[in-house]
Amino acid sequence: MPFLALANIKKSFGQTQVVHDFNMAIEKGEFISFLGPSGCGKTTILRMIAGFEQPSGGTIHIAGQDQTRLKPNQRNIGMVFQAYALFPNMTVFENVAFGLKVAGMPKAEIEKRVKEMLKLIHLEHLADRYPYQMSGGQQQRVALARALAPKPQVLLLDEPLSALDAKIRVSLREEIRQIQRQLGITTVFVTHDQEEALSISDRIVVMNAGRADQIGTPSDIYNRPTTRFVASFVGTLNIIEATIVDPAAGTVMIGDQTIALRESIADKTGGETISLALRPEAGSLSESAKGDTALTGKVVSANFLGSVVRTRIAVGKNTVSFDMFNSPDLIMPAPDEVVTLRFSAGDLLVIRD
Amino acid sequence: MKMTKFFAWFAIAVGVTYFFVPLAGTFEFSLRMRRGEYSLDAYGSVFSDVQFQQTFGFSMLMALLTIVFGMLLVVPTAYWVRLRLPQMRPFVEFVTLMPLVIPAIVIVFGYLRLYNSASYIPFTGSLLGTNILLVMSYITLSLPYMYRSVDTAMRTIDVRTLTEAAEILGAKWPTIMFRCIFPNVMSGVLSGAFITFAIVIGEFTMAALLNRPAFGPYLQLVGANKAYEPSALAIIAFAITWLSMGLIQLVSRFGKLTQSRP
Amino acid sequence: MSTASSSFIDRRTIIDWLGIAPFLIFALMFLIVPTLYLVSGAFFNAQGQFTFQNIADLFTPTIMSAYWISIKVSLASSLGGALIGFFLAWAIVLGGLPSWIRSGLLTFSGVASNFAGVPLAFAFIATLGRTGLVTVLMRDWFGFNLYSTGFNLLSFLGLTITYMFFQIPLMVLILTPALDGLKKEWREASEILGASNWQYWRMIGLPILWPSLLGTSLLLFANAFGAIATAYALTGASLNIVPILLYAQIRGDVLHNPNLGYALALGMIVITGLSNVLYIWLRMRAERWQK
């Protein structure tokens with residue numbers, strides 16, 4: 001029995017269905033990210049778990065208990081909102097104490113618990129500040145402490161980092177993950193930032209138009225995307241059009257060059273066009289690079305991006321991007337130069353959707 | 001959620017009843033002049049009254065003068081405070097809000113004692129002087145509303161940049177004021193003007209105590225002496241107020257339209 | 001060099017101050033000096049000698065009862081206006097009503113809040129007066145004689161009901177934006193932390209709205225306290241409230257002491273001024289958590 005079970009969840013607003021038959025089983029202590037563009041239904045699912053929205057169909061169970069029809073204030077769930085949502089008329093201490101106070105906890109215990117929580121987020125010294133006196137990152141940490149103080153069964157994070165500066169975003173996400181591990185709390189995290197999702201999740205659900213396109217570990221999602229949407233949304237993937245030469249041998253033609261795939265395409269027929277995915281970091285121009293496959297093309301552009309140099313080359317009708325690590329003695333490819341890109345055949349994925 | 005909706009509808013129902021019953025009652029009463037049937041006789045009687053025409057005309061003129069001179073005072077002040085004396089903002093705002101706290105009757109009482117015919121500035125010693133004093137008293141009364149609407153309009157345009165741009169192009173002070181600032185805060189000026197109009201047109205205290213033949217004292221006189229005409233006048237006054245507020249909405253909507261393309 | 005720059009600064013300062021000179025002169029001539037003149041006049045007798053006699057003379061039964069009725073009417077109409085206005089504003093912002101009700105009520109409030117003075121008195125005479133519509137309908141339909149219950153439009157209750165006609169809309173107009181400012185997330189955050197609807201309003205919603213509620217209530221109080229036209233048109237000089245008393249005094253020295261009139265005016269300023277100080281103090285306490 002999974003700890004948090006979403007079964008056949010559907011949701012419509014008027015005529016438009018925003019969530020289609022969604023199923024998911026989350027284990028206790030797991031950190032799950034819902035990743036997708038805006039309007040894909042990820043926030044709606046989170047709000048249904050919280051109880052702010054009623055599913056049009058399906059059930060939500062937490063620890064074996066049916067929660068589908070419960071009100072938010074009966075669910076014992078913690079939630080952190082995108083825009084901090086600290087109560088502006090209360091100090092940090094009062095904010096964190098709020099959930100305990102409404103639960104009727106004795107004063108002394110509240111004090112002890114709040115201090116514990118403030119220690120957890122390293123803000124003991126700001127207990128008497130009002131929200132307007134703090135930075136966004138500090139406010140969001142207080143919001144986290146406030147959500148965790150009543151010891152919720154599940155923690156929901158609704159794009160908690162998107163209103164913050166890039167640097168704080170990285171440090172806070174690490175802090176969130178570390179606190180989550182420490183407490184072992186089951187967590188659902190909604191984001192549209194793939195780097196965020198990849199860096200802190202146990203598993204990622206990639207959402208597209210109200211459906212889960214793929215559910216898997218970060219490495220699965222990144223290295224073995226199963227749909228074109230996942231491949232293009234997670235990372236900057238090259239999609240290369242190829243024509244099948246011999247299904248049994250696994251050979252395809254890209255432009256006028258023929259290469260062999262490692263993945264079996266025996267189920268396809270000769271002459272069919274298929275799409276192949278190649279990560280920009282998979283290829284190299286170096287002669288000594290290991291790699292059993294090569295594509296030759298003309299350089300379209302080479303851009304210096306700091307730690308990497310991104311080069312785009314034309315192969316047949318396709319433009320393929322690839323990244324090289326920057327080093328002082330790197331020679332930038334010149335436009336119109338003909339180069340050979342080497343990579344392993346195993347890095348070429350067949351997109352099937 | 002259902003309870004919320006029920007209470008919301010209940011609140012609206014109570015409000016609508018409270019607000020519409022007096023209006024309906026007044027309207028019904030104004031039609032009762034002819035015995036046994038409804039008629040517009042009361043309105044006919046009001047409009048044909050020479051005194052109505054005279055006092056209404058006088059109050060219109062006073063309102064117009066109040067708006068023109070009030071704006072000539074308020075717009076440059078609001079502009080100057082924004083541009084050059086931001087540290088004076090709290091003080092100026094405080095002064096403009098004072099008429100909301102000091103009752104009108106107290107202010108006019110002060111005028112009567114301070115500017116009587118035996119004083120250094122004998123405003124009330126002559127007809128012209130008294131009329132000027134009336135306009136000044138109306139400017140005082142409408143100061144909170146005029147200042148606020150103009151200042152709000154100035155916040156939406158960047159006064160400083162606008163002024164600097166005009167200065168670089170070689171504009172002189174009057175040009176900046178009347179060609180750049182006034183047109184751009186026109187929506188605020190007009191909102192302030194209409195609300196001033198609504199306040200001044202039926203104003204009673206100042207006009208009665210300064211003994212001017214304005215619309216407000218006339219209304220009071222009719223109320224004390226006639227039966228059905230007061231109701232007709234109340235309906236007319238309500239219509240005038242409604243017209244002023246409608247024009248404010250129109251102006252602010254228009255203002256938003258022109259400002260949405262900066 | 002230094003003298004040149006300092007004289008430049010001086011000239012600029014002078015120009016800066018000249019810019020608001022018209023406003024300052026206007027405020028002095030038509031607002032501040034007349035008020036101060038009355039205030040100081042309250043402390044002198046007819047012979048120009050300093051005295052507290054005028055203030056002491058305020059404590060006569062007639063004048064005291066006038067103040068008392070004025071305060072009661074102002075307090076009742078401002079509290080009633082605040083309460084009903086709050087519920088109306090709440091209904092249009094958070095009640096889940098169709099949007100045309102909101103825009104309709106706001107437009108109407110803009111009109112009704114400026115519909116005061118003499119015409120308002122006429123409207124209520126035509127409605128709740130002895131031959132008014134409601135009075136007549138109650139008599140004809142239910143056989144209920146409103147005036148036999150002791151109700152009188154020319155009384156504390158009648159005046160309060162009449163004043164609320166412009167007090168309620170004023171509250172709606174000021175409070176609607178304040179209610180719009182309550183973020184949806186605050187409510188959701190309190191809900192998910194286990195708070196009930198009532199707990200949300202008691203611990204978050206009302207404390208946040210408190211400054212605007214308070215400020216508007218004060219405005220309503222001052223508004224009613226200084227109003228004379230409606231009361232005068234309703235009752236003639238028969239109702240003993242401070243503005244009417246002062247009006248009669250200005251017209252004909254009914255108190256037989258011009259300087260007592262100054263004291264009467266001073267009393268009005270003190271009461272509206274005190275309510276203002278009270279408001280500022282309460283607001284400062286309520287806004288500790290704001291910038």
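Note on naming: letters A, B, ... go to the chains in the order of the sequence lines (proteins, then strands), and numbering restarts at 1 for each one. This one's a predicted model, so the numbers in the text were calculated from it and none came from an experiment.
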Okay, side chain of B:Trp80, backbone of C:Asp16: is any donor-acceptor separation there less than 3.5 Å?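 Here the side-chain-to-backbone pair exists.
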Heavy-atom donor-acceptor pair, B:Tyr18 side chain to C:Ile161 backbone, under 3.5 Å: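 Confirmed, B:Tyr18 side chain pairs with C:Ile161 backbone.
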Region of [X] that comes under 4.5 Å of a non-hydrogen atom in chain B:
X        : value
C:Asn114 : both
C:Thr131 : both
C:Tyr247 : both
C:Leu219 : side chain
C:Val39  : neither
C:Ile101 : side chain
C:Thr230 : neither

Side chain / backbone / both / neither for [X] at chain C, heavy atoms under 4.5 Å:
X        : answer
B:Leu83  : neither
B:Ile195 : side chain
B:Ile105 : both
B:Glu28  : side chain
B:Ile121 : side chain
B:Leu112 : side chain
B:Val74  : neither
B:Tyr115 : side chain
B:Phe123 : side chain
B:Ile12  : both
B:Ala237 : both
B:Ala227 : neither
B:Tyr228 : neither

Quick one: are the ring centres of C:Tyr262 and B:Phe109 less than 6.0 Å apart? yes
Is the gap between the ring centers of C:Tyr37 and B:Tyr111 under 6.0 Å?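 Centroid separation for C:Tyr37 and B:Tyr111: 6.0 Å or greater.
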Which word best sums up how the rings of C:Phe165 and B:Phe19 line up, parallel for under 30°, tilted for 30 to 60°, or perpendicular for over 60°? perpendicular
Would you call the rings of C:Phe108 and B:Phe238 parallel, tilted or perpendicular if under 30° counts as parallel and over 60° as perpendicular?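 Because their plane-to-plane angle lies in the 30° to 60° range, the rings of C:Phe108 and B:Phe238 count as tilted.
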Just give me the residue among [options] that pairs up with chain B most often, heavy atom to heavy atom, under 4.5 Å.
options                               : value
C:Trp90, C:Phe225, C:Phe87            : C:Trp90
C:Leu97, C:Ile228, C:Asn223           : C:Leu97
C:Ala222, C:Ala116, C:Ala265          : C:Ala265
C:Leu264, C:Leu246, C:Ile92, C:Ile269 : C:Leu246

Under 4.5 Å, counting heavy-atom pairs only, tell me which of B:Ile199, B:Leu143, B:Ile139 racks up the most with chain C. B:Ile139
I need the residue from B:Ala8, B:Gly25, B:Pro103 with the largest number of non-hydrogen atom pairs under 4.5 Å to chain C. B:Ala8
If I take atom OG1 from residue B:Thr96 and atom CZ from residue C:Phe23, how far apart are they, to the nearest 0.5 angstrom?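 Reported to 0.5 Å precision, the distance equals 6.0 Å.
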